[in-house]
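Please read the structure below before turning to the comments.
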2 protein chains.
Amino acid sequence: MSTSRVSTPRGAGRPRRVTIADIADRAGVTAAAVSLAVNGRPGVSDATRARIMDIARELDWEPSPAARALTGAPVLAVGMVLARPAEVLGNEAFFGAFVAGLQEVLSTEDYSLQMKIVESTEAEIETYRRWFGQRRVDGVVMVDLRQDDPRVPALEKLGQPALVIGGPGHHGSLPAVYVDDAVATTLLVDHMVGLGHRRIARVAGTAEFFHTAQRDRAFLDRCEELGATGVLQDAGYGAQGAAAATEGLLAEEDAPSAIIFDSDEMALAGSQVLLENGIRIPQQMAVASYEDSALARTHRPAITAIGRSAVQYGRVAATRLLEIIDADRRRPLPDAAQAATGEVRAIDPQLIVRASTAGADAG
Amino acid sequence: MSTSRVSTPRGAGRPRRVTIADIADRAGVTAAAVSLAVNGRPGVSDATRARIMDIARELDWEPSPAARALTGAPVLAVGMVLARPAEVLGNEAFFGAFVAGLQEVLSTEDYSLQMKIVESTEAEIETYRRWFGQRRVDGVVMVDLRQDDPRVPALEKLGQPALVIGGPGHHGSLPAVYVDDAVATTLLVDHMVGLGHRRIARVAGTAEFFHTAQRDRAFLDRCEELGATGVLQDAGYGAQGAAAATEGLLAEEDAPSAIIFDSDEMALAGSQVLLENGIRIPQQMAVASYEDSALARTHRPAITAIGRSAVQYGRVAATRLLEIIDADRRRPLPDAAQAATGEVRAIDPQLIVRASTAGADAG
DNA sequence: GACTGTTACTATAGCGCTCAAGTACCGGCA
DNA sequence: TGCCGGTACTTGAGCGCTATAGTAACAGTC
């Protein structure tokens with residue numbers, strides 16, 4: 001009876017948390033046996049295991065994650081830091097769905113997602129350092145990949161499970177998951193050309209993000225391949241910029257007959273401008289977006305868009321990250337294997353054709 | 001030298017994590033002294049404290065949260081469960097900003113936010129149970145308050161720090177933070193009446209949420225007080241419903257001259273319908289929304305809206321939750337004090353007048 | 001009938017920290 | 001000189017779990 005203990009009611013305090021020792025006492029075994037039983041490890045008879053499980057359920061006991069973490073077990077949490085104005089999150093359809101996809105997979109593995117919004121990239125890196133330093137997370141998801149991103153070398157140095165969302169390229173030796181923007185671009189351009197458009201504009205968002213440059217290149221290349229004229233228009237960030245860019249396009253002598261916007265938000269702002277200028281969509285101008293959302297769907301006309309299936313994206317990312325975490329646990333050599341798991345996974349985008357491009361008589 | 005230990009390089013493994021013992025060794029004191037020093041407790045001289053802090057910084061050491069949690073310290077995490085289709089998150093401007101406000105305050109106190117998306121209310125309650133049972137969080141934020149919400153009694157029974165977002169009312173003995181929807185409604189109605197509108201419609205969202213009913217009542221009351229006619233139109237959820245509701249209003253014999261929508265998303269959808277029907281905003285129809293967002297701001301015409309300042313809302317909520325957690329730690333009697341902290345805090349909304357109502361010649 | 005091998009456990013230590021109790025040292029004071 | 005009280009630590013135990021080594025009981029083997 002070495003594991004029995006005096007039960008100190010300690011006044012009117014909260015009831016003492018039930019621990020592994022309580023289960024062990026009740027089952028007439030030691031804590032170690034309970035540990036073996038609940039973790040599905042050999043060393044206890046089936047009968048004893050069943051008895052222990054029953055008691056645990058009855059007493060409503062669950063092992064303390066803190067105590068487990070102390071013995072080196074995974075903490076069952078992954079982190080994601082966002083270094084952007086928080087208000088932006090609310091506007092971006094992509095984000096919510098992505099998180100949902102992440103959660104869906106993480107939840108089934110009993111992992112939780114920890115999020116933090118910070119002011120700067122430095123603060124983001126510092127957060128990674130602390131999270132791993134304190135063992136608050138088993139791995140992290142890094143979003144908003146930029147060109148020559150300082151977070152990449154920082155995470156490489158930490159040598160901890162980290163997954164980059166974005167690419168291909170610019171993620172160093174880190175594993176990455178990305179939607180193939182080149183494929184997405186091809187889908188959009190091909191669609192427009194297929195409808196008869198010969199002069200196609202692309203209204204591009206923040207140049208800072210890696211995918212913007214990638215789309216630019218793919219766009220011009222594909223237009224050229226198909227013998228169409230690609231017009232590149234930089235719009236900076238958000239709706240404001242997109243509206244201005246659209247006005248700019250309309251003012252041109254040889255205006256395009258189709259515009260591809262970088263996001264749903266931009267496409268809506270652009271459409272608004274077209275409407276105000278009496279230009280009918282899709283009859284006089286075809287409109288499409290790289291990003292789908294409820295807004296794109298319910299807008300009239302509904303906007304043709306790339307269904308990146310952000311939810312699916314999130315699912316793939318979570319699955320991949322869990323694989324990485326798992327691999328990391330198996331072998332204690334960080335560097336070599338880190339590189340080995342640095343493999344990249346791409347998700348194929350799909351084109352969702354809607355009214356904003358359908359039946360256009362191109363000109 | 002009782003705390004010294006054999007350093008086992010163990011092959012090519014990851015370097016051993018630096019612990020409190022390393023700091024103690026280096027400083028020539030025991031771990032207990034280090035603990036006192038870093039926690040700002042008396043019992044160490046200023047000189048020793050400074051030395052310890054220096055070494056800790058130099059060795060890049062931070063106390064392990066797991067070990068601390070094991071001794072009863074707060075785990076420095078708060079949780080939020082969302083039981084709604086994840087895709088919705090992306091569309092709702094409110095949500096992102098709210099989370100941002102939460103984070104802003106939590107981060108300064110070194111708390112992190114844990115989120116989980118679940119399928120059902122039962123799963124949500126189960127999550128609370130497990131989070132608290134495993135001591136994964138110190139407190140939770142409960143959102144999307146409904147009428148006779150089963151989560152309220154569930155959380156009351158758990159007797160752990162929990163803050164309800166929404167009210168007033170329907171949150172039982174739990175503390176709550178809410179935006180005063182009655183005030184918001186008054187602001188909107190007064191504004192419309194002030195512009196000369198005498199027949200005002202309200203296009204309402206999901207009836208399930210508590211605030212919907214509250215707005216309904218306040219809307220009708222205020223209209224009556226001011227001698228205007230309030231028209232209530234149920235729209236169900238989202239843009240689709242709002243568009244249909246708007247069409248319904250237009251079809252009426254005695255159509256209103258102003259419409260107040262429950263959300264920005266709904267206002268945009270409604271505006272679209274008005275535009276298609278050749279009705280000019282705000283000349284022929286004034287439009288306003290209960291929810292502000294970048295979309296409402298950049299839409300043309302820009303939509304008059306209630307700036308609930310979701311960010312501020314989040315800040316207040318986080319501050320309040322931390323207070324509750326703190327209070328909970330001080331006294332070990334859960335029930336009585338729970339009720340004592342059950343106090344409620346309201347946030348006053350503001351009206352942001354934009355083009356969609358400005359200069360309307362009502363009638 | 002002594003040996004080997006398995007199974008089903010127990011005993012003990014340790015993860016990294018905190019806390020309560022103990023001790024060494026020092027100045028002050030009658 | 002002896003005692004008191006405070007400061008600055010140390011000692012030891014404990015939080016709840018897991019891992020490793022150890023042991024008792026039993027079956028099988030030549």
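Letters A, B, ... are given to chains in the order of the sequence lines, protein chains preceding strands, and every chain is numbered from 1. These values consider heavy atoms only, across backbone and side chains, with no hydrogens, waters or symmetry-generated copies.
Relative to the axis of its first five pairs, the axis of the last five pairs of the helix from C/dG1-D/dC30 to C/dA30-D/dT1 sits at 70°, rounded to 10 degrees.
Between the P atom of D/dC15 and the CZ atom of B/Arg135 lies a distance of 14 Å, rounded to the nearest Å. Following rounding to the nearest Å, B/Arg17 (CZ) and C/dC15 (C1') show an atom-to-atom distance of 11 Å. Here the C1' atom of nucleotide D/dC9 and the CG atom of B/Asp46 are 14 Å apart, to the nearest Å. The interatomic distance linking B/Arg136 (CZ) with D/dG16 (C1') rounds to 14 Å, in whole Å.
Qualifying salt bridge (Lys or Arg N to Asp or Glu O under 4.0 Å) partners for B/Glu126, counting only residues two or more places apart in sequence or in other chains: B/Arg129. For the side-chain contact (heavy atoms from CB on, under 4.5 Å) test, residues two or more places apart in sequence or in another chain that qualify with B/Arg26 are B/Ile55, B/Glu58, B/Leu59. Applying the side-chain contact (heavy atoms from CB on, under 4.5 Å) rule to A/Arg135 yields the partners A/Val75, A/Asp138, B/Arg17; only residues at least two apart in sequence or on another chain are considered. Here A/Arg41 pairs with nothing under the salt bridge (Lys or Arg N to Asp or Glu O under 4.0 Å) rule; sequence neighbours left out. Considering only residues two or more places apart in sequence or on other chains, B/Arg315 meets the side-chain contact (heavy atoms from CB on, under 4.5 Å) condition with B/Glu104, B/Val105, B/Val311, B/Gln312. Residues that satisfy the ring pair (Phe, Tyr, Trp, His ring centres under 6.0 Å) test with B/Tyr313, not counting sequence neighbours, are B/Phe94, B/Phe98.
Nearest to the side chain of A/Thr19, among D/dG16, D/dC9, C/dT18, sits D/dG16. Nearest to the side chain of B/Ser45, among D/dT10, D/dC9, C/dT18, sits D/dC9. Closest to the A/Val44 side chain, of the nucleotides C/dC9, D/dA19, D/dT10, is C/dC9. You'll find that the side chain of B/Val29 is closest to D/dT10, out of D/dG16, D/dT10, C/dC9.
Of the residues in residues 51-74 of chain A, A/Leu70, A/Thr71 come within less than 4.0 Å of DNA chain C through at least one heavy atom, sorted by number.
For A/Asp60 and B/Arg130, the salt-bridge test fails: no basic side-chain N is under 4.0 Å from an acidic carboxylate O.
The nearest heavy atom of DNA chain D to A/Val34 and to B/Thr48 marks one nucleotide each, and the one closer to the 5' end goes with B/Thr48.
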- Check the pair B/Leu76, B/Leu106 against side-chain contact (heavy atoms from CB on, under 4.5 Å), reporting the backbone distance first and the verdict last. CA-CA 9 Å; B/Leu76 299 183; B/Leu106 293 177; over 6 Å; no

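Within the nucleic acid shown, A/Arg41 comes within 4.0 Å of sugar-phosphate atoms alone, with no base atom in reach, counting heavy atoms only.
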Taking only distance into account, with no hydrogens and no angle test, what donor-acceptor pairs under 3.5 Å do side-chain atoms of residues 63-73 of chain A form with protein atoms, sequence neighbours excluded?
from	atom 1	to	atom 2	distance (Å)
A/Ser64	OG	A/Ala66	N	3.3
A/Ser64	OG	A/Ala67	N	3.0
A/Arg68	NH2	A/Asn39	OD1	2.8
A/Thr71	OG1	A/Arg68	O	2.9

